[in-house]
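Notes follow once the structure below has been shown.
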2 protein chains.
Amino acid sequence: MPDPLYRQIAEDLRQQIESGELPPGSQLRTELELREHYDASRNTIRDAVKLLITRGLVATRPGQGTFVVDKIEPFTITLDIKTGFGEGEDTAYATEVIAGERTPAVSAPRIEIQPASMAPELGLDETAMVVSRHQQRFIDGIPWSLQTSFYPMHFVEQGAGQIIVAREMSDGVVRYLEDVLSIKQAGWRDKITVRAPDQVETAFFRLPQDGRVPVFEVRRTAFQESGTPLRVTVTTFPSDRNEFILTSGDVPDNAHPGADDNALPVEGSA
Amino acid sequence: MPDPLYRQIAEDLRQQIESGELPPGSQLRTELELREHYDASRNTIRDAVKLLITRGLVATRPGQGTFVVDKIEPFTITLDIKTGFGEGEDTAYATEVIAGERTPAVSAPRIEIQPASMAPELGLDETAMVVSRHQQRFIDGIPWSLQTSFYPMHFVEQGAGQIIVAREMSDGVVRYLEDVLSIKQAGWRDKITVRAPDQVETAFFRLPQDGRVPVFEVRRTAFQESGTPLRVTVTTFPSDRNEFILTSGDVPDNAHPGADDNALPVEGSA
DNA sequence: GGGTATTTGTCCGTATGTATT
DNA sequence: AAATACATACGGACAAATACC
């Protein structure tokens, strides 16, 4: 029994793309032309194109057409910055970004006071509140990631008033907390999952609205030496233009071509 | 301007699910019933259901109906096993799996000789060949991951003949290479990406055939102390039932509930 | 095992809306 | 303003998978 028609058509188009017959950036024939070519209905053509979108091979633009995606060199995000130098990761990142040839940008933070249930990893009481600092981040002008950090509200009452000011902190919040409250970040735990984007994410990353392109969610819980969590940082990245690299043990610097060329941190000066 | 109808319907059903009105495992009304209830066409209902499938909330079973998915406790995969003990990660994993309360299983490896282009990270000549060892891996009987390891063919000619034998190596190939050829693994680099599953993966993981549920691909390149790659291991995991954890610095053992309960390694005795 | 009803999967044709040029 | 192309929505038909008698 053969595959369904829409999958046969998708397969045919996929081969044309991967063989180079349809190079990146080129335009596919319109749905009506494909309809005649394959002797199928327009809906069937659309089902085939949807499959190619899911696989990241093409993108549709209303009023224009369907295009083979330009293979963006993916942003490479390193998750295992060497620590133990007595610094938070925030400052280390700045130099990493400069080392790459891409130019990062970050929006001013949007500050909110929210219930502690937004960041259960902090282990706070149900009635407690947290400060959230939300930022949009770009690389070379491309929407790159959305990041929200949560801090216990009692940090503010203890004297760290700057974290509820909607201005970027050039040295990073982690450094600030150490300076003001002597709260030191000893390590962190990342949880990486993949899920469909929410409405905010589809809008910011300009993803197809039906959730076919998922996002990475990196949930970083950072701890003091005592084991008490000091912050939770949630960062989302569209999965179609990001990859993660992490190393263990002794590894040569340029192990495979292109892997390190665009090395980027997972966190800026949040 | 309101959202499209199919998204409104999806939103309504989503709320019913997340509010508990439609508990996990329960069956949704049939497409024809929903069609009457929302006064929409069957295709529009189907578009709404497709969205819910993409978001991992429901699953359809031909001939039966549409069901709210049972929330599987995700498999947690730790990527940062402490090294420096002079052991490969393979043996360390065995104990980790036993520590968890889930029972792993692995198929006998399928061995193939393939061109070196299958694993460009090994940096071999175009005309060279590699040995691939492919395994299916299960947790509690659930298809969990597909793994293929690539080794330079010249390892066999140098005396490591066991790696082309289609039998599991209880102590791991890495250990074997060290014993026979004194080739020692000094570290590795992981690249984590997300993509649509191929046909083999959709069949093994029983994912929807239109590629709505992506898979994690973890590409591990392991190096000798000299910096020469000794193997490439590619492992894929369905993203709807796996998450990755990695830590840096000092982190308490049980930082957030459930995170470590099912700790699993990314590699078995490949 | 066979037959039938139910339910989802595929495919068609058509009409209208919306974004872009 | 008009033309083009994708997005949404409708309705209908048959196939395939499953469950049940």
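Here is how names work: the chains are called A, B, and so on, in the same order as the sequence lines, proteins then strands, and each is numbered from 1. Computed from heavy atoms alone, side chains included, the values below leave out hydrogens, waters and symmetry copies.
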| query | Under a 4.0 Å heavy-atom cut-off, which of residues 21-35 of chain B touch DNA chain C? | reply | B:Thr30, B:Glu31
| Ion pair B:Glu18/B:Arg55, N-O distance below 4.0 Å | no
| Do the side-chain N and O atoms of A:Gln8 and A:Asp12 include a donor-acceptor pair separated by under 3.5 angstrom? | no
| field | Residue whose closest nucleotide on DNA chain C lies nearer the 5' end, A:Asp39 versus B:Thr66 | value | B:Thr66
| task | Check the side chains of B:Arg137 and B:Ser145 for a donor-acceptor pair under 3.5 angstrom, ignoring hydrogens and angles. | result | yes
| Nucleotide of C:dT10, D:dT8, D:dA7 approaching B:Pro4 most closely (side-chain heavy atoms) | D:dT8
| remark: When rounded to whole Å, the OH to C1' distance for the pair B:Tyr38 and D:dC10 reads 19 Å
| Side-chain H-bond candidate by donor/acceptor type, B:Thr76 with B:Glu243, under 3.5 Å | yes
| query | Which residues, if any, of residues 44-61 of chain A bring a heavy atom under 4.0 Å of DNA chain D? | reply | A:Arg46, A:Thr60, A:Arg61
| query | A:Arg7 has an atom CZ; how far is it from atom C1' of C:dC11, in whole Å? | reply | 13 Å
| task | Kindly say whether the aromatic ring centers of B:Tyr38 and B:Tyr6 come within a distance under 6.0 Å. | result | no
| message | Looking only at the side chains, is there a donor atom on one of A:Thr233 and A:Arg231 sitting less than 3.5 Å from an acceptor on the other? | response | yes
| Looking at C:dC11, D:dA9, C:dT20, which one has an atom nearest to any side-chain atom of A:Gln64? | C:dT20
| said: Below the 4.0 Å mark, does D:dA9 have OP1 or OP2 next to a side-chain nitrogen or oxygen of B:Arg42? | reply: no
| query | Using purine N1 to pyrimidine N3 plus N6-O4 or O6-N4 for Watson-Crick, or N1-O2 and O6-N3 for G-U wobble, both under 3.5 Å, which nucleotide pairs with D:dA1? | reply | none
| Is the number of heavy atoms from other residues, nucleotides or ligands within 6.0 Å of CD (B:Glu36) greater than 12? | no
| For the salt bridge (Lys or Arg N to Asp or Glu O under 4.0 Å) test, which of B:Arg220, B:Arg189, B:Lys191, B:Arg219 pairs with B:Glu121? | B:Arg219
| request: Would you kindly give the OH-to-C1' distance between A:Tyr6 and D:dA16, to the nearest whole Å? | output: 13 Å
| message | By nearest heavy atom, map A:Asn43 and A:Pro62 onto DNA chain C; which one lands nearer the 5' end? | response | A:Asn43
| Check: B:Phe244 ring centroid to B:Phe237 ring centroid under 6.0 Å | yes
| field | Between C1' of D:dA17 and CZ of B:Phe67, the distance in whole Å | value | 13 Å
